Amino acid sequence: MSIHPVMQRLAEKLKRTDLPEFAPGDQVRVQVKIKEGDKERLQAFEGLVIAINKGAQGTFTVRKMSFGQGVERIFPFNSKVVDRVEKIRSYRVRRAKLFYIRSLRGKAARLKEVDREHAKA
Amino acid sequence: MAVTGIIGKKIGMTQVFDEKGEVHPITVLQAGPCVVTQLKTAAKDGYDAAQIGLVEFVKASNLTKPMTGHLKKTEAPPMRELREVGVLAAKEGEAEVKAGDRVLVDLFAEDKFVDVIGTSKGRGFAGVVRRHGFGGGPKSHGHMFQVQGSIGASSFPSRVFPGQRMPGHFGVDQVTVRNLRIRGVDLEENLLMVEGAVPGAKDGYVLISKPKAPPRERRGFGGSGTVDPLKASKKASAKKK
């Protein structure tokens with residue numbers, strides 16, 4: 001299904017441009033705005049990007065292990081909760097959605113690091 | 001100039017984030033530009049109204065001859081969709097509405113809400129579960145699923161009461177949704193963003209009008225000033241210290 005040209009223009013207007021480019025298989029640190037009473041502070045959520053959903057209402061999923069428990073958070077790209085995203089490193093992955101990583105633990109869940117920026121050039 | 005509504009077209013839905021970071025579903029409507037094609041007056045027609053038409057790319061050769069003749073009176077461009085809207089008495093310094101006037105989205109500059117009238121999506125000949133929300137039968141134990149069951153008692157009254165809900169044609173009805181919050185206006189592209197769903201399919205014509213009965217101004221009106229009573233008392237006690 002094609003997108004209405006008006007919707008496309010509107011999506012571009014609403015789109016957030018300050019986030020860096022990242023892909024599934026990247027280790028990222030998402031600085032999340034947290035409101036405590038009247039104060040606002042940042043909390044980091046660091047983990048592996050296991051899925052990216054594109055489009056006007058796009059989201060990305062970050063998974064991390066917290067005390068042996070897998071935790072996933074889904075962030076909309078346009079969310080105001082996301083203050084900034086820092087890309088830490090990239091791993092070599094062969095698919096766009098890394099859901100298989102959920103069933104892996106320890107040594108089996110290791111990934112090989114790659115330098116994606118320089119590989120392209 | 002003041003008319004009470006504008007013709008629009010449903011374009012699609014998306015989401016927006018507000019200042020608080022909360023997400024809202026919005027429907028994007030093409031609202032106008034419209035042109036007043038005829039004025040109805042109490043003296044001549046028995047009521048006051050303005051007939052407006054939505055200006056869009058329509059081939060003049062696709063219009064019927066009566067339509068072409070009608071539009072010719074006000075030298076309006078070829079249009080497909082005409083609707084009647086109410087006319088408000090002109091305020092001081094404003095000109096009265098006259099045929100040939102342009103109607104744009106800035107009409108809703110002072111409004112926080114709008115009413116939208118559209119034609120719902122056609123569902124064909126629909127059963128009672130879909131059409132009237134009946135519970136249906138059990139899914140197992142040798143029963144049928146989406147039948148309505150009994151439609152009345154037996155020897156008394158020996159007839160079915162009028163108004164018994166039954167299967168039949170569903171959809172393609174005029175549906176009015178009131179008090180949709182305006183979430184954005186784009187004057188350049190003639191867009192109006194309203195919160196929530198609007199009846200009908202994409203590209204369907206809708207009539208957007210000023211709210212007939214907008215919500216009263218009260219605490220929490222506008223969504224920003226909502227106070228959680230529990231937290232409010234906490235804050236008050238904190239200040240006392």
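Predicted, not measured: the structure shown is a model, and the values here were computed from it. Letters go in sequence order (proteins before strands), and every chain restarts at 1.
A side chain to side chain contact (heavy atoms under 4.5 Å, CB included) with B/F17 is found for exactly one of A/V81, A/L14, A/N78, namely A/N78. For the side chain to side chain contact (heavy atoms under 4.5 Å, CB included) with A/V6, the qualifying choice from B/N190, B/D186, B/I11 is B/I11, the only one to do so.
Contact between A/M7 and B/M13 at its shortest, heavy atoms only, is CE-O, 3.4 Å.
For the options A/Q57, A/K35, A/K13, heavy-atom pairs under 4.5 Å to chain B are most numerous at A/Q57.
For the atom pair CD (B/E189) and CG (A/L10), the distance works out to 8.0 Å, reported to the nearest 0.5 Å.
Heavy atoms of other residues, nucleotides or ligands lying less than 6.0 angstrom from NZ of A/K97 number more than 12. Annotation for A/I74: atom CD1 does not count as buried by contact number, only 12 or fewer foreign heavy atoms lying within 6.0 Å. Taking a 6.0 Å sphere around CD of A/Q69, one finds it holds 12 or fewer heavy atoms contributed by other residues, nucleotides or ligands. When the shell of 6.0 Å around CZ of A/R92 is examined, it contains 12 or fewer heavy atoms from other residues, nucleotides or ligands.
Within the 4.5 angstrom heavy-atom criterion, only side-chain atoms of B/V16, from C-beta onward, approach chain A.
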